[in-house]
Each structure stands twice: as structure tokens, then as C-alpha cells.
Amino acid sequence: MARILITSALPYINGIKHLGNLVGSQLPADLYARYMRARGHEVMFICATDEHGTPAELAAAKTGEPVADYCARMHGVQKHLADGFGLSFDHFGRSSSARNHALTQHMAARLAEAGLVEEVEETQVFSPDDGRFLPDRYIEGTCPACGYDKARGDQCENCTKQLTPRELLDPRSAISGATNLEPRATRHLYLRQSALRERLDQWIDSQRGWPILTTSIAKKWLHDGDGLQDRGITRDLDWGVPVRRGDAPWPGMEGKVFYVWFDAPIEYIAATAEWADAHGLPDAAWRRWWRTDQGADDVRYVQFMGKDNVPFHTLSFPATLMGANHDGTEPWKLVDYIKSFNYLTYDGGQFSTSQGRGVFMDHALELLPGDYWRWWLLSHAPETGDSEFTWENFQASVNKDLADVLGNFVSRVTKFCNARFGAEVPAGGDYGPLEHAAGDEVAARLAAYARHMEAMEIRKSAAELRALWVIGNEYLQEAAPWSTIKTDPEQAQAQVRFALNLMRIYAVVSRPFVPDAAARIMAALACADWSWPDSPAQALDALPVGHAFTVPDVLFRKITDEEREAWAARFAGLRA
RNA sequence: GGGCCCGUAGCUCAACGGUCAGAGCAGGGCGCUCAUAACGCCUUGGUUGGGGGUUCGAAUCCCUCCGGGCCUACCA
């Protein structure tokens, strides 16, 4: 039994996430967590809402709520949606938790001790009308290069030119439109990542088998131009972790908070502490996952994220943890494997939160239960490149894979048995060559499935799982118990018994992908034996003869052409 | 501008230097009737974006062109 720590990139608190966000981190992380638990490993699966930063403040201002209230409410909404998609976090924390405040401040203190924090005076744009400093991208103006009048202070979206706010013509606040902007001096802390460049580079080099996407992005940042740049880790905001040096004040940093990208990854650790608190466990309970000197030396740590998150997870966060262990007294667990994803596109374009283009988590669950989405999203996960969501494809996958191949198998077996032998596992006959051949095939497919799951090859895993389901239909066609029963009822009983046992195996191995359907199959079988079919031959005899079951309702319903068309029209633009 | 990724059957993808380039869906034919008109079997279909090169051998390596996407550090 291994110990596996799994984190999913933290969804930002600002609004409801779309399916692209879901498939890029939380969903595959959940798949892996569920699989590893099913194989009997000890799993700690952590996620949380990422609650700090300017967008959260603005979103709260828009609804008229205090930002803390807004975040608390949205955390609840996201938690509810996560449940709807069956995300099996051991803890779904909040980056605004007391634990994260303390740990972030602690990490900053350790980094300062290590000489890795530098105070830098710089000039930022202040907007008196908004009462705040404006991040570059919250300043709009006319692009000096192309004349586009909605260029942002970091880049012109029209001509892609990199800009600084002072280059913009007629700059204004993107928040209020105020043109009364003034440069103002401010001091900030910088994390001296550059000092750790060699170590980070070697660390990345020492990793084996990471996705090209992961390493190429890390390498780009390490070696591009002047190499890894130092990074500001504080901001002039109200909402966030106050800048303190551990328990002590940080002179000169009064009224400032840590930058959200500094505190967000630390929340992975803090959320594990929140988990321990929630269960009344001592600190040792979470430290054994995160401190290699306190039990985490045998932990395998895997992170899941979209490609936009890679730089922070390959560089900034490791730099934080390495720096915090400058004197060897705080060996924090570094990630062992980073599974990164490309983007999911929607009908040829991007999912857009601002334009309401695409399907969002709340609306998805209004249309269909989580399992339907889980199956499509995971079996089309954007692993090698961006992948595209289309309603036609979604309909085809759901109807064919879930309803016809898996759902109908369950249906035909249970209904036939119930009609001919009654609702219990029939006792007659013995398995013969047909059953042994099918059993061997199950064993072979299962081994391939396990290989792909271990390797986090998600689409391949899905394909293999589907192939497992197909075996059931192939077997039935060949065994044809509806014919056998006429000449050899005993043999027909054995055939049905075999199929019922196959059903249980399907429930167990499909659970990571479609947990609700798996649970319904097991409920129908009145079975609580979720043990993994390590020996398929044995597992095909798991249900005791005479064991009563019930015929389940339709496992997956089909999506009609009318529905598909209506949904496509509804989600084409402008979110309601 | 620079960097990275991708371009393989109508569609979604696999094969990552070596038997006739595979699978699912869609299309065509046959079979079965237990089942959500479901299932099974067979089958049509590709000069692997174009061109050049390396090699005994290339979808796979190199160069170049075309097309799509992403990143480029103060959104997170």
C-alpha cells in the first residue's frame, strides 16, 4: 500500500467554473484519487477555493457584499457543485483560512531568513477614485502601436504588443473609467527565485516522465531571456493574507497583503491542516503528508492543473518550499509528478466566462447528472492538445458508450434473469470454455486499464474501460442464454450468473469514472463488496448463488436530437 | 518578434524508427431478439497538411513552407 497525496489546482473564487476548468484539474485529479483508493492505497486528495486578489474584490463589490461574505458564499456554491460532479476531496478548503494565513506568513519568514526576500521600491498606478492601486491589466487606454482604444496596461489584445501602463495613451481605470490616475511609489517584497534557478533547473531535469507540456513551460521560464525572474509576492490590497514575518509585524509592509499566487499553493498544505482540524486530529496527522522528516518521505505527491498554472507549480511554489528549508530544518514535500492539461474548447472557440459562452458547472448539472459529464470530459481529456466540446460528440458518447454499451448490458442481464429465474443469482450449471475465454479477456483488459490509470493516461484508460464493457455484450451474444434456456436451463443459469458477476466487476472498475452509476449497480445487486478484481477469475464468482437483487432503473438515459439542438442554442453565447 | 504544442480515415483519437498505419463513432451488409429499436459479426474508407533530406527502412528523425492553438512573467 502506497501513500498518495493529490492536489488539484485551486479554482478561483470569482464565479462558477466552466467545464474546461473542471476537466483541466479537479476532474482528472478525482479520477486518480478514486482509482488509487479503489486499489487500496492511502490517499489524501486536497482542493480549495483560491479566494484572494483583485478579481475577488471586484466581484464582491459588484454584488454589494463584503468580500469575506462573498467568498464564503461562493465557496459554498463551488462546494455544492463539486459534490454534484462527485468530486471526492478529502478536504475542500479555503485559501482565506486561518491556517493559510499562518502558514503563508511562516513561509515568508523562512524565506526572509534565507535571504530570499528582497524589498523593492517601485512605482504603481494609483486610482484615487477607485481608492486602490491598479494592476496593469486593470488599466485601459489607447495602444500607442495600433491605436486600439481598449488596450490593457499589460498587453494590447488587438496587436499583441507588450505594454506598460505608462505607454498607454489616455489611460483610464478599467474598473471605474476614472482618468484621474497617478503614479505612486510603493514598496513590495520580491521572492528571489533567480537565486534558486540552478536548483530548480536540476530538480526539473531529475524528474522522469513528466508531460512535455509541463517541462517545456518550466524550461522556457528558466532559460528565456535573462532566465528566471524574481517575483513580487506582495500587493497593495485589503483582502488577503496580511504581510507579516511569521508572528511578527513586517516593518514597512503595513496594510499590504501577500500576492495571491504566493499564498494559493501554500493552501495545499494549509488545507491539509484544515482537514486535520476538521477531524479533530493533531498536527502530526497533516505533517505526515507534507514533511519528509515527519512521515512524508514515502508519500508520492501528484498535482493536476491546466497549462496556465504550470509556471507557478514548477517554479514559484517549489522555490518557496526549497527556500523555506534553507537550513535543513523544514523539509517540505516537493511534487513528484505534475499532470498538466491543455484547454477544452467549445464548438470551435474558447469557453468564455465573461461572454457566457460554453457550459458552466451549474448549468451542466441542470441538464444531466454528473456522471454523464464526467464520462465525456474524461474520455476526451485535453491531454495531447486542446480538445473540443461539441454537442453532437457529447450526445454520441453518452448515448453509445453509457446508455447502449454499459447501461443496456446491465438492463438486459437483470431483466432476463428476473423474467426467467427470478431476482436472485441463479445456482445452476458451471462455467465452461465460453466463460473462461471471456474471463481471460477481462483479465487482459483490466491489466491494460490498470497500467493506463497508473500512468494517468486518461483517454486511454477510458477507451480500455469501454472495451471492458463491450466484453459483456460480446459474451451474451455468443452464450445466448435466451437460446440455451430452451435446451439446457442449467447452463443458461450459469451464463446469467456469469453476466451478473461481470456487472459487479464493471461497477467496481467503472467507479472512478462514473461513481453514481457504479453505486446504483451495486445497490441493485445489493452488494457492498467493492474489492478490486485482482483475480478476475475469482471475482467472477463473487456473488453468492441465491443472492437477491433488484432490477435497476435505466442507468443512463439517452440524449434526444431535440434536446441536443435546444442545448446548443441555449449555450451559444450570453449566459443567462 | 521569440518559444512550445498540434496537423493521421467524414468525426474524435491511437500508433512515437521496423510485420499490410489501428480503434470508437458515422456509412454499408449480415445475424440475434435477452435488452434503453438495444447487442454481435463482417465491411467501405487514409499517397499520415505540402515539399525536400537522413536511413536498408519515416506518420515517427532533420530542414522548409502552409494551417491551427498556447505561452511570453502585475488575471488567476
Residue pairs passing the side chain to side chain donor-acceptor pair (under 3.5 Å) test where at least one lies in residues 132-141 of chain A, sequence neighbours excluded: A:E57-A:R132, A:E140-A:R172

Sugar-phosphate only, base, or nothing, as touched by A:N399 at under 4.0 Å among non-hydrogen atoms: nothing

Between protein and nucleic acid, restricted to nucleotides 21-23 of chain B and to nitrogen or oxygen atoms under 3.5 Å apart, what atom pairs and distances do you find?
none

Touch class at under 4.0 angstrom, heavy-atom based, for A:P55 against every strand present: sugar-phosphate

Touch class at under 4.0 angstrom, heavy-atom based, for A:G472 against every strand present: nothing

Shortest side-chain distance from A:R459, nucleotide among B:rU72, B:rC75, B:rC13: B:rC13

A:Y343 six-ring face occupied by A:K307 cation (under 6.0 Å, within 45°): yes

Contact nearer the 5' end of RNA chain B, comparing A:A264 with A:I217: A:I217

Touch class at under 4.0 angstrom, heavy-atom based, for A:E122 against every strand present: base

Each stem that RNA chain B is part of, given as range with range (3 or more consecutive Watson-Crick or G-U pairs, under 3.5 Å): B:1-7 with B:66-72, B:10-13 with B:22-25, B:27-31 with B:39-43, B:49-53 with B:61-65

Centroid-centroid distance, A:F409 to A:Y506, less than 6.0 Å: yes

No-hydrogen, no-angle side-chain donor-acceptor test under 3.5 Å, A:S127 and A:D130: yes

ring-ring contact (aromatic ring centres under 6.0 Å, His included) partner of A:W469, chosen from A:Y449, A:F513, A:W375: A:W375

Heavy-atom side-chain contact between A:E388 and A:N393 under 4.5 Å: no

Polar side chain donor-acceptor pair, A:R564 to A:Q395, under 3.5 angstrom: yes

Residue pair A:V125 / A:E182, side-chain heavy-atom distance below 4.5 Å: no

Distance-only polar pair, side chains of A:S340 and A:T214, donor-acceptor under 3.5 Å: yes

Counterpart residues, side chain to side chain donor-acceptor pair (under 3.5 Å), relative to A:T63 (two or more places apart): A:E65

Heavy-atom protein contacts under 4.0 Å, nucleotides 35-46 of chain B, coded B base, S sugar-phosphate only, - none: BB-SBSS-----

Sub-6.0 Å ring centroid separation between A:F394 and A:H380: no

Centroid separation A:Y268 to A:H313 less than 6.0 Å: yes

Check: A:W261 ring centroid to A:F317 ring centroid under 6.0 Å: no

Closest to side chain of A:R420, choosing from B:rC75, B:rC34, B:rA76: B:rC34

Geometric cation-pi criterion A:K558 and A:F556, 6.0 Å radius, 45° cone: no

Sugar-phosphate, base or nothing in reach of A:Y190, heavy atoms under 4.0 Å: base

Short side-chain N/O contact from A:R137 to OP1 or OP2 of B:rC74, under 4.0 Å: no

Find every protein N or O atom lying less than 3.5 Å from an N or O atom of nucleotides 66-70 of chain B, and list the pairs.
residue	atom	partner	partner atom	Å
B:rG69	O2'	A:D386	OD2	2.5
B:rC70	OP1	A:Q350	NE2	2.3

Euclidean distance, atom NZ of residue A:K17 to atom P of B:rA76 [Å, nearest integer]: 12 Å

Of the listed nucleotides B:rC71, B:rA14, B:rC74, the one nearest the side chain of A:K460: B:rA14

Rounded distance (Å) that lies between atom C1' of B:rG27 and atom CD of A:E392: 17 Å

